[in-house]
Novice: 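Once you've had a glance at the structure underneath, I'll fire off some questions.
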Amino acid sequence: MFTLPELPYAHNALEPYIDEATMKVHHDKHHQAYLNKFNSALEKHPEFFKKSVEQILRGLESLPDGIRTAVRNNGGGYYHHSIFWEMMSPDGGGEPIGKIAEGINKIFGDFKSFKEKFTNEAVGHFASGWTWLVKDAKGELSIISTENQDSPISKNFTPLIGIDTWEHAYYIKYQNRRPEYVDAWWNVVNWKKAEEYYLSN
Ligand code: MN3
C-alpha cells in the first residue's frame with residue numbers, strides 16, 4: 001500500500017503566503033483522499049503495489065482498463081501533492097541559482113521573463129489542474145499546464161516546480177483571487193529542490 005508522506009515542515013510554516021487552514025485540509029484531507037482512492041483502485045490488481053508511483057504513471061497504457069482512469073486521477077493526485085510539498089519551503093522564494101538558473105536564462109532570457117510567463121500561464125489556465133516548469137528527455141525546460149491530475153511524467157517530462165491551481169489549493173485564503181495566490185506562492189518556491197530535480201535523471 002502507498003502511504004501519506006508527512007509534510008516536510010509544519011502546517012503553518014508557509015504563512016503568510018500559504019495559510020495553515022489550507023495546508024491542513026489540503027494535505028490531511030485532499031491528499032489523503034487521493035491516496036485512499038489510489039490504493040483501493042490498486043487493490044484490484046495488487047501486483048502494481050510492487051511498482052513506484054512514478055513507474056505506474058509512466059505506464060498508464062499498460063494498466064488494466066478497469067482501473068486506468070482511477071489511477072490516472074488518484075495516482076496522479078497522490079504523486080503531485082507528494083512533490084508539491086517538497087517544491088515549497090519556508091526558506092524558499094527568491095531567484096534560482098546554479099544550473100537551473102542557467103537553464104532558465106537560456107530558454108526564457110532571464111528570470112523576470114520566466115516568472116512573468118509562468119505566472120500568466122498559472123493565472124490564465126482555465127481548468128482545475130497544475131502549471132509546471134518541466135524538463136524534457138533532452139534536459140530542455142518548458143512551462144506546461146496539465147488538467148485535473150494528468151501528470152507531466154506520463155508525457156515523459158520531469159517536473160521541477162509546480163503550482164496547484166485547483167480552487168482547494170487557495171480558496172480559504174484567496175477565494176477567487178488566483179492571481180494573489182500565484183503571486184504569494186513565488187515566496188515559497190523551493191529552488192534548491194528544483195535544482196535537485198533538474199540535475200537528476
Ligand atoms: Mn491539490
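We count ligands from 1, going down the list as the structure has it; atoms in each ligand are counted the same way.
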Novice: Using the ring of each side chain (for Trp, its six-membered ring), is Phe84 parallel, tilted or perpendicular to His81, with breaks at 30° and 60°?
Specialist: perpendicular
Novice: Is a side-chain donor-acceptor pair under 3.5 Å present for Ser145 with Glu121?
Specialist: yes
Novice: Angle at the Mn ion (ligand 1) between NE2 of His168 and NE2 of His81, to 10°?
Specialist: 140°
Novice: Closer than 2.8 Å to the Mn ion (ligand 1): does that hold for any N, O or S atom in His31?
Specialist: no
Novice: Determine whether the side chains of Asn36 and Gln32 contain a donor N or O and an acceptor N or O closer than 3.5 Å.
Specialist: yes
Novice: Does either side chain, that of Trp130 or that of Thr165, offer a donor lying less than 3.5 Å from an acceptor on the other one?
Specialist: no
Novice: Using only N, O or S atoms, tell me which atom of Asp164 is closest to the Mn ion (ligand 1).
Specialist: OD2
